[in-house]
J.: 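Pasting in a structure now, in structure tokens, and then I'll have a few things to ask.
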Amino acid sequence: MILETSNIQEARVFGMCGSVANKQALSQTDGSGREVIVVGGSAAGLFTAASIARGGRAVRVLESMPQLEPAPRTLIVTDHFRNQMGACARESIINEIRRFELYTDGRSAQIALKQPDLIIERSRLIPALAREAQQAGASLSFDTRFLGIGPNARGLRLEVETAGKREELHADSVVGADGAASRVARASGWPPVETVPLVQAIVRLPKDCPPDTTRVWFVPDDTPYFYWLIPESAERGALGVIGEHGSDTKRCFERFLEKKKLEPLEWQGARIPVYRSWVPVRRQIGNGEVFLVGDAAAQVKVSTVGGIVTGFRGALGVAQAILNQGKSGELSALRRELATHWMIRRALHHFEQKDYSRLVDLLHTSARESLGEINRDESARLLWNVVRRQPRLILLGLRGLLMGKAGKS
Ligand SMILES: Cc1cc2nc3c(=O)[nH]c(=O)nc-3n(C[C@H](O)[C@H](O)[C@H](O)COP(=O)(O)OP(=O)(O)OC[C@H]3O[C@@H](n4cnc5c(N)ncnc54)[C@H](O)[C@@H]3O)c2cc1C
């Protein structure tokens with residue numbers, strides 16, 4: 001049952017008047033509605049809550065943080081984000097990217113984007129999503145940590161800690177949107193997902209870097225992934241890297257910063273999931289059902305390790321599944337999308353320096369055009385167009401895949 005104290009807490013956070021908060025509390029405590037509890041009030045959780053509430057179900061979000069103060073994080077997303085977010089996307093967009101520059105071993109290639117990528121600031125995105133969820137009718141409770149889950153006569157029983165006090169809540173459906181180390185997933189019997197470290201330093205933007213251009217460096221001796229510099233304004237940018245092991249990644253990153261003569265002004269970082277195969281998003285516990293969305297379900301494009309757009313797609317799919325009591329077309333499409341990114345990552349993961357040099361050389365004008373015309377959230381179409389215009393890339397990709405199979409890395 002939903003506690004009124006939490007609603008008062010949430011009403012304060014959002015400046016809601018008491019009567020609105022109480023109406024929400026009543027609609028969720030009278031026992032007539034089939035309640036959904038979302039654990040995790042970040043990108044995927046709030047997007048799920050808004051979608052479910054718009055479909056007419058009572059939904060409550062539990063967030064362990066004491067208040068709505070998300071840590072700053074500079075993120076790059078494709079234009080797809082605008083379609084997903086609608087009008088409120090504007091609030092979180094801080095810059096637009098019109099070009100990518102790829103560097104490896106003294107070579108470079110430029111890709112002009114037909115639709116600009118967007119730089120968004122997470123500390124603006126989360127409050128915008130929270131407001132959307134609330135306006136749709138969801139209630140949010142902060143300082144509320146999920147501890148465990150089990151069946152009860154009607155559905156599910158959740159053990160939570162609110163402001164240091166343990167209590168029980170009940171729901172028909174629970175959505176785990178609690179990130180890569182999801183406690184909901186572990187408590188419900190999903191195996192852990194593999195994670196990699198991602199670290200970003202906010203730096204002064206170098207004078208030779210235009211504010212509408214993202215730079216990417218492939219340095220396979222340091223990481224099978226890449227380094228990037230994404231400008232968030234004409235003055236500042238986020239320089240980042242994805243690695244495989246925390247301490248090696250840190251050492252390589254410090255060396256890279258030094259080489260580029262860049263001083264970190266702020267740090268951002270966390271472990272993010274690596275998608276290796278589809279994580280089934282639903283489990284039955286007694287008469288209740290548990291779902292996972294976002295990082296909790298490893299819904300991350302493993303080619304570039306972006307999780308916002310795909311996490312929103314997973315959220316929408318789970319909301320559809322809850323509202324329609326069944327399958328969701330969005331989840332099937334997301335599964336295909338994530339599988340294509342896994343194939344690209346498997347090919348790239350075993351590239352040596354000479355492979356990256358060839359890749360950049362092979363990106364002649366027509367292949368570059370495909371990369372610029374179609375965004376990364378339509379990976380199958382993108383891949384097909386690139387190889388149609390530059391068939392030798394297939395051989396290079398196959399070589400990467402075969403090297404992986406032979407265990408070379
Ligand atoms: C430095 C960095 C840069 C990134 N850059 C990009 C990028 O450029 N583009 C992109 O698309 N993606 C990027 N990502 C990945 C992206 O940020 C994530 O995929 C996305 O934020 C995941 O959102 P989520 O809601 O699934 O999980 P999270 O953001 O991890 O949210 C989980 C929420 O659950 C809460 N929680 C956890 N446990 C509990 C509990 N027991 N009870 C209650 N609440 C709980 C947490 O407090 C948190 O609010 C980046 C990640 C990092 C770390």
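Start at 1 and go down the list; that is how both ligands and their atoms are numbered.
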J.: Return yes when G311 approaches ligand 1 closer than 4.0 angstrom through a heavy atom, no otherwise.
T.: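 G311: no contact with ligand 1 (<4.0 Å).
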J.: Just to confirm my output: which protein heavy-atom neighbour is closest to atom 51 (C) of ligand 1, and how far is it?
T.: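 Closest protein heavy atom to atom 51 (C) of ligand 1: R73 NH1, 3.5 Å.
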J.: For atom 29 (O) of ligand 1, which of the options G314, P273, S42 provides the nearest non-hydrogen atom?
T.: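 Considering heavy atoms of G314, P273, S42, the nearest to atom 29 (O) of ligand 1 sits in S42.
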J.: Under 3.5 Å, is there a donor-acceptor pair between the H80 and Q84 side chains?
T.: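 There is no such pair (donor and acceptor under 3.5 Å, judged by atom type) between the side chains of H80 and Q84.
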J.: Non-hydrogen atoms of T144 versus ligand 1: any pair closer than 4.0 Å?
T.: yes
J.: Just checking E258: does its CD atom have more than 12 heavy atoms from other residues, nucleotides or ligands closer to it than 6.0 angstrom?
T.: no
J.: G306 heavy atoms, cut-off 4.0 Å: which ligand 1 atoms fall inside?
T.: 10 (C), 11 (O), 12 (N)
J.: Can you tell which of W228, F226, F256, F100 makes a ring-ring contact (aromatic ring centres under 6.0 Å, His included) with W217?
T.: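 Going through the options one by one, the only one that passes is F256.
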J.: May I ask you to identify the nearest protein heavy atom to atom 3 (C) of ligand 1, giving residue, atom name and distance to one decimal place in Å?
T.: L198 CD2, 3.5 Å
J.: Which of the numbered atoms in ligand 1 are under 4.0 angstrom from any heavy atom belonging to I76?
T.: 7 (C), 8 (O), 9 (N), 10 (C), 11 (O)
J.: Counting only nitrogen or oxygen atoms and a 3.5 angstrom limit, does R145 reach ligand 1?
T.: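 Looking only at distances, the answer is no, because the N/O contact criterion of under 3.5 Å is not met.
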J.: So between A44, S141, G179, whose heavy atom ends up nearest atom 30 (O) of ligand 1?
T.: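 It is G179 that holds the nearest heavy atom.
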J.: Heavy-atom contact check, 4.0 Å cutoff: does Q299 meet ligand 1?
T.: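 It does not; every heavy atom stays at 4.0 Å or beyond.
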J.: Can you find an N or O of S64 that's nearer than 3.5 Å to an N or O of ligand 1?
T.: yes
J.: Would you tell me which option among T310, V38, L75 has the nearest heavy-atom contact to atom 13 (C) of ligand 1?
T.: L75
J.: Run the numbers for me: atoms of ligand 1, each under 4.0 Å from some heavy atom of A177, listed by number.
T.: 32 (C), 33 (C), 34 (O)
J.: Is there a side-chain hydrogen bond (donor to acceptor under 3.5 Å, both in side chains) between R99 and T214? Walk through the geometry before answering.
T.: CA-CA 6 Å; R99 199 175 312 110; T214 287; over 6 Å; no
J.: Against heavy atoms of V39, which atoms of ligand 1 measure under 4.0 Å?
T.: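 Listed by number with element, the hits are 42 (N), 43 (C).
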J.: Any idea which protein heavy atom is nearest atom 38 (N) of ligand 1, and the distance to it?
T.: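 Going by distance alone, atom 38 (N) of ligand 1 is nearest to D178 CB, 3.6 Å.
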J.: Quick one: do the T162 and E167 side chains pair a donor with an acceptor below 3.5 Å?
T.: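 Yes, side-chain donor-acceptor contact under 3.5 Å.
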J.: Can you list the atoms of ligand 1 that are under 4.0 Å from a heavy atom of M65?
T.: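 Those of ligand 1 that fall under 4.0 Å from M65 are 47 (O).
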J.: Of all the non-hydrogen atoms in the protein, which one sits nearest to atom 41 (N) of ligand 1, and at what distance?
T.: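 Closest protein heavy atom to atom 41 (N) of ligand 1: F146 O, 3.2 Å.
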J.: Ignoring hydrogens and geometry beyond distance, is a side-chain donor-acceptor pair present between R271 and T195 at under 3.5 Å?
T.: yes
J.: Is atom NZ of K260 surrounded by more than 12 heavy atoms (other residues, nucleotides or ligands) closer than 6.0 Å?
T.: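 Enclosed: over 12 neighbouring heavy atoms sit under 6.0 Å from NZ of K260.
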J.: How does P70 reach ligand 1, by side chain, by backbone, by both or by neither, if only non-hydrogen atoms under 4.0 Å count?
T.: neither
J.: How many angstroms lie between CZ in R204 and CG in L262, if you round to the nearest 0.5 Å?
T.: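 Between atom CZ of R204 and atom CG of L262 there are 10.5 Å.
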J.: Is it true that the NZ or CZ of R346 lies under 6.0 Å from the centre of W342's six-membered ring and within 45 degrees of the ring axis?
T.: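 Yes; both conditions hold, so R346 lies above the ring face of W342.
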J.: How many angstroms lie between atom CG of L239 and atom CD of E263, to the nearest 0.5 angstrom?
T.: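 L239 CG to E263 CD: 12.5 Å, rounded to 0.5 Å.
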J.: Mark yes or no for whether Q200, through its side chain, and G240, through its backbone, hold a donor-acceptor pair below 3.5 Å.
T.: no
J.: Is T74 in polar range of ligand 1, meaning some N or O pair under 3.5 Å apart?
T.: no
J.: Is it the case that the side chains of T213 and R98 hold a donor-acceptor pair, with the cut-off being a distance below 3.5 Å and no angle test?
T.: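 The criterion, which ignores hydrogens and geometry beyond distance, is not satisfied for T213 and R98.
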J.: For a side-chain hydrogen bond (donor to acceptor under 3.5 Å, both in side chains) check, start with the C-alpha distance between R122 and S42, then their side-chain angles and the critical distance, and finish with the verdict.
T.: CA-CA 9 Å; R122 183 173 177 266; S42 180; 3.3 Å; yes
J.: Can you list the ligand 1 atoms lying under 4.0 Å from a non-hydrogen atom of G294?
T.: 26 (O)
J.: Suppose we measure from atom 23 (O) of ligand 1 to each protein heavy atom; which comes out shortest, and what is that distance?
T.: A43 CB, 4.1 Å
J.: If you measure every N/O of V77 against every N/O of ligand 1, is any gap under 3.5 Å?
T.: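 Not met; the criterion fails.
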J.: Between the side chains of T104 and Q353, is a donor N or O closer than 3.5 angstrom to an acceptor N or O?
T.: yes
J.: With no hydrogens and no angle check, do the side chains of E289 and S173 hold a donor and an acceptor under 3.5 Å apart?
T.: yes
J.: Do ligand 1 and Q200 have nitrogen or oxygen atoms that lie under 3.5 Å from each other?
T.: no
J.: Among all the protein's non-hydrogen atoms, which is closest to atom 19 (O) of ligand 1, and how far away is it?
T.: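 Protein heavy atom with the smallest distance to atom 19 (O) of ligand 1: D295 OD1, 2.7 Å.
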J.: Please state which part of R122 comes within less than 4.0 Å of ligand 1, counting heavy atoms only: side chain, backbone, both or neither.
T.: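 Side chain only.
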J.: Check whether D117 reaches the backbone of I97 with its side chain - one donor and one acceptor, N or O, closer than 3.5 Å.
T.: no
J.: Identify the protein heavy atom lying closest to atom 12 (N) of ligand 1, giving its residue, its atom name and the separation to 0.1 Å.
T.: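 Minimum-distance protein heavy atom for atom 12 (N) of ligand 1 reads G307 N, 3.1 Å.
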J.: Find all atoms of ligand 1 within a distance of less than 4.0 Å from any non-hydrogen atom belonging to I308, and give their numbers and elements.
T.: 10 (C), 11 (O), 12 (N), 20 (C), 21 (O)
J.: Is the distance from the ring center of H349 to that of Y225 below 6.0 Å?
T.: yes
J.: Considering E63, R186, K301 one by one, which has a heavy atom nearer to atom 35 (C) of ligand 1 than any of the others?
T.: E63
J.: Counting only heavy atoms, which portion of L62 has something under 4.0 Å from ligand 1: side chain, backbone, both, or neither?
T.: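 Looking at L62 and ligand 1, just backbone atoms fall under 4.0 Å.
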